**Student:** 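Got a structure for you, questions after.
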Amino acid sequence: MRTSVACLITCLGLISPGAGAHLPEFFGRDYFRLGTAEQNPIIPHGAGNAGIQDLADQARQLEAQLQQERNRNGPYGAGQADPLLSLAATYRQLGRESEAIETYQHALYLSRVNDGLDSERQLPILRELIKLYWSREDFQALDGIYNQYRRAAGLLTATRDPASLAEALEYFEWQRGSYAAREDIRGGRQLLYAYRLNESLLDDAREQPLELSLYRELVTSQLRNLYLILGCEPEYALAAGTQAASINSEYPWLREIAHLQRIGKSIGRDLLLDLMQRAGENDPVSSAELHLELGDWYQWNGDFRNARQEYLAVTEILLTEGNATLLHSWLGEPQELPPARHQDSPPVPGPAAGADRVRAHFMVTSRGEVRRVSTEALSEQYGDRARRIANMLRDTHFRPQFRDGEPEPSELLTRDYRLR
C-alpha cells in the first residue's frame, strides 16, 4: 500500500486521521476515473515486429563492432558512441534490461570523457535510462539520473528558449510521476525540486516577455505541482513532538513543503489571476476556461464562495457567446477534482483488462461533497479495492453540477474507477 508523506505521518500518530478537511487527497494520484486518464509519456518500447532471432544476430554484430573499435582506438574511443546506443536499444527490444542499462551507462561514461561532464550529447542517453529505470520502478536510480539530466539540459538556469522550456516541462512531468508512483517519503523531495525550478522559470518570464502559450504551460505545470504538494499534509508534524522532530531531521525538506502547504492556495490563485490579466478578454472561450480553472482551484481548496463566483463567470461568458453546449459539457455534471488535465500519471495496466474495475454509486451535493457511496468490484477477487475506493471517494472534492448558473445536488451517479 502506498506510503505518502501524509500517510506516513498519520501512521506514526503525529496527526489524527481527521485533521485537515479532505486531506490527504487521493484522486488523480492513487485512484482514477476510467476513461479520463491521459496516456503515460514514460512507457518502455517493446520489440515491435522484429524477429527475436534477427535482433539477437544484430546484437552479436554490434558487440563485434564495438570490440573492433576498442582494439583500434582504445577503451575511450569516441567511435564507440553510436554502436553502444544501437546495442543498448537492441538489448532493450530483446527484454535484456540489465544489459541495456549497463550499455547505456557505458555510453554515458564515454560521453562525459569525450564531450564533458555536462554535455548536451548526454541527453538522449539519460532519457533512455529514465525510461528503463521507470519500467523497473527503481526510484533511487531515477533520483540520480534526474539530477544529471537537470544539469546537462541546463535546467538549473532560467531560460526562455522554447526548446529548453519544453525540456523543462517534460522534466516536471517526470518528477510529478515519480512522486505519485513511489511508495516512500523521499518522493516529496523530487516534487519540491520540480516546484522550485518551475517557479524560477516563472520568475524569469515575469521579468521578460514570454509568448503567452508558453507562459500558460508554465502556470499549468506549477498548478499540477501545487495540487500534489497541497494534497498531503505534513505541516501538523512540525509541532507534534519528538517523533516529528526526528522525521524533520531526517527529511529537512518537509519543512519547506509544510510552508507551501500554508500559502499554496494563495500562490495558485495569484498564478491564475496573473494569467488572466496577461491573456485579456479577446478570446471569450479562453477567458471562460481560465475562470473555470480558478473556480476548480477554489473548490478543491474548500473556498466554495469564491468558486461559485468563478463558475458563475463561466456561465455568463459562455451564454453571452451562445455556447450552451460547451457550458453543459463543463458544468452540466459533477466533476472530480483536480480535473483530468492536471493528472500526469494514469494507472498502470492491470492484471487483466478491466478485471480490477470498481463501480461506484454516489451523489454529489451542491457544495461538491460526496454522499450515499456504495461500491462493487466487477471481479470478486478485488473486493478490497472497492472498499478502498469508497473511502477515498468520500474525501474527494467535486465540482458540483450547475443549472441556470446555480449549483445543485446530483442524481445518483454511477462511475467506474480503478486504483493505480
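Just so you know, these numbers come straight off a predicted model, no measurement behind them.
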**Student:** Charged N to carboxylate O below 4.0 Å: is that the case for E199 and R206?
**Tutor:**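 A salt bridge links E199 with R206.
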**Student:** Taking side chain as C-beta onward, heavy atoms only, is Q401 less than 4.5 Å from E408?
**Tutor:**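 When only atoms from C-beta onward are counted, E408 and Q401 do touch, with a gap below 4.5 Å.
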**Student:** Hey, mind stepping through H361 and T414 against side-chain hydrogen bond (donor to acceptor under 3.5 Å, both in side chains) and telling me if it holds?
**Tutor:** CA-CA 5 Å; H361 310 278; T414 299; 3.0 Å; yes
**Student:** Say you draw a straight line from CD of Q222 to CG of L201; how long is it, rounded to the nearest 0.5 Å?
**Tutor:**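 Between atom CD of Q222 and atom CG of L201 there are 9.5 Å.
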**Student:** Step through the shown structure and confirm whether more than 12 heavy atoms of other residues, nucleotides or ligands are within 6.0 Å of CZ on R196.
**Tutor:** yes
**Student:** For a side chain to side chain contact (heavy atoms under 4.5 Å, CB included) check, start with the C-alpha distance between Y104 and L108, then their side-chain angles and the critical distance, and finish with the verdict.
**Tutor:** CA-CA 6 Å; Y104 277 126; L108 185 62; over 6 Å; no
**Student:** If you measure from the Lys or Arg side-chain nitrogens to the Asp or Glu carboxylate oxygens, is any gap between R127 and E167 under 4.0 Å?
**Tutor:**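 Between E167 and R127 there is a salt bridge, with a charged N closer than 4.0 Å to a carboxylate O.
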**Student:** Where do I257 and R189 land on the side chain to side chain contact (heavy atoms under 4.5 Å, CB included) test, with the steps shown first?
**Tutor:** CA-CA 9 Å; I257 289 182; R189 182 174 56 185; over 6 Å; no
**Student:** I'd like to know if the side chain of S287 reaches the main chain of D283, judged simply by a donor and an acceptor atom lying under 3.5 Å from each other, with no hydrogens or angles considered.
**Tutor:**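 Side chain of S287 to backbone of D283, a donor-acceptor pair under 3.5 Å: no, none is there.
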**Student:** Where is the tightest heavy-atom contact between A360 and L393, given as atom of each residue plus distance?
**Tutor:**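 Minimum heavy-atom contact is CB-CD2, 3.9 Å.
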**Student:** A quick test of your reading: do over 12 heavy atoms of other residues, nucleotides or ligands sit less than 6.0 Å from CD of E406?
**Tutor:** yes
**Student:** Please list, chain by chain and in numerical order, all residues satisfying ring pair (Phe, Tyr, Trp, His ring centres under 6.0 Å) with F402, sequence neighbours excluded.
**Tutor:** Y311
**Student:** I want to check a possible cation-pi pair here: R418 against Y31, using under 6.0 Å from ring centre and within 45° of the ring axis as the test.
**Tutor:** no
**Student:** Relative to each other, are the rings of Y417 and F27 parallel, tilted or perpendicular (30° and 60° limits)?
**Tutor:** perpendicular
**Student:** Before accepting this row, confirm whether a basic side-chain N of the pair E369/R394 lies closer than 4.0 Å to the acidic partner's carboxylate O.
**Tutor:**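 R394 and E369: not salt-bridged.
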**Student:** Show your reasoning for whether side chain to side chain contact (heavy atoms under 4.5 Å, CB included) applies to R399 and L292.
**Tutor:** CA-CA 10 Å; R399 178 202 308 152; L292 181 70; 3.8 Å; yes
**Student:** Can you tell if the side chain of L230 reaches within under 4.5 Å of the side chain of W297, non-hydrogen atoms only?
**Tutor:**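 Touching, per the 4.5 Å side-chain cut-off.
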**Student:** Quick check: F362 with F398 (ring centres under 6.0 Å apart)?
**Tutor:**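 Yes, ring centres under 6.0 Å apart.
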**Student:** Should R92 and E99 count as an ion pair when the cut-off is N to O under 4.0 Å?
**Tutor:** no
**Student:** Answer yes or no: is there an ion pair linking R359 with E376, defined by an N-O contact shorter than 4.0 Å?
**Tutor:** no
**Student:** For residues Q122 and G116, report the shortest heavy-atom separation together with the two atoms involved.
**Tutor:** NE2-O, 3.3 Å
**Student:** Less than 4.5 Å apart, side chain to side chain, heavy atoms only: is that true for N198 and L202?
**Tutor:**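 Contact flag for N198/L202 side chains = yes.
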**Student:** Kindly give the heavy-atom pair with the smallest separation between A59 and Y91, and that separation in Å.
**Tutor:** CB-CE2, 4.3 Å
**Student:** Donor-acceptor check, side chain of T220 to backbone of R216, threshold 3.5 angstrom: yes or no?
**Tutor:**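 Flag set: sc T220 to bb R216 pair under 3.5 Å.
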**Student:** Would L223 and E293 count as a side chain to side chain contact (heavy atoms under 4.5 Å, CB included) if you check the C-alpha gap in whole Å, the side-chain angles of each, and the deciding distance to 0.1 Å?
**Tutor:** CA-CA 10 Å; L223 282 173; E293 190 81 73; 4.1 Å; yes
**Student:** Between K265 and D303, does any side-chain N to carboxylate O distance fall below 4.0 Å?
**Tutor:** yes
**Student:** Give me the ring orientation class for W174 and Y149: parallel if the planes are under 30° apart, tilted from 30 to 60°, perpendicular past 60°.
**Tutor:**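 If you compare the ring of W174 with that of Y149, the planes turn out perpendicular.
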**Student:** Please tell me if the side chains of M392 and I389 come closer than 4.5 Å, counting only heavy atoms from C-beta onward.
**Tutor:**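 Result yes, sub-4.5 Å side-chain heavy-atom pair found.
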**Student:** Among pairs that include at least one residue of residues 318-334, which meet side chain to side chain donor-acceptor pair (under 3.5 Å), considering only residues two or more places apart or in two chains?
**Tutor:**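 Pairs touching residues 318-334 that pass the test: none.
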**Student:** Less than 4.0 Å between a side-chain N and a carboxylate O, is that true for R387 and D384?
**Tutor:**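 The answer is no: the pair does not qualify as a salt bridge.
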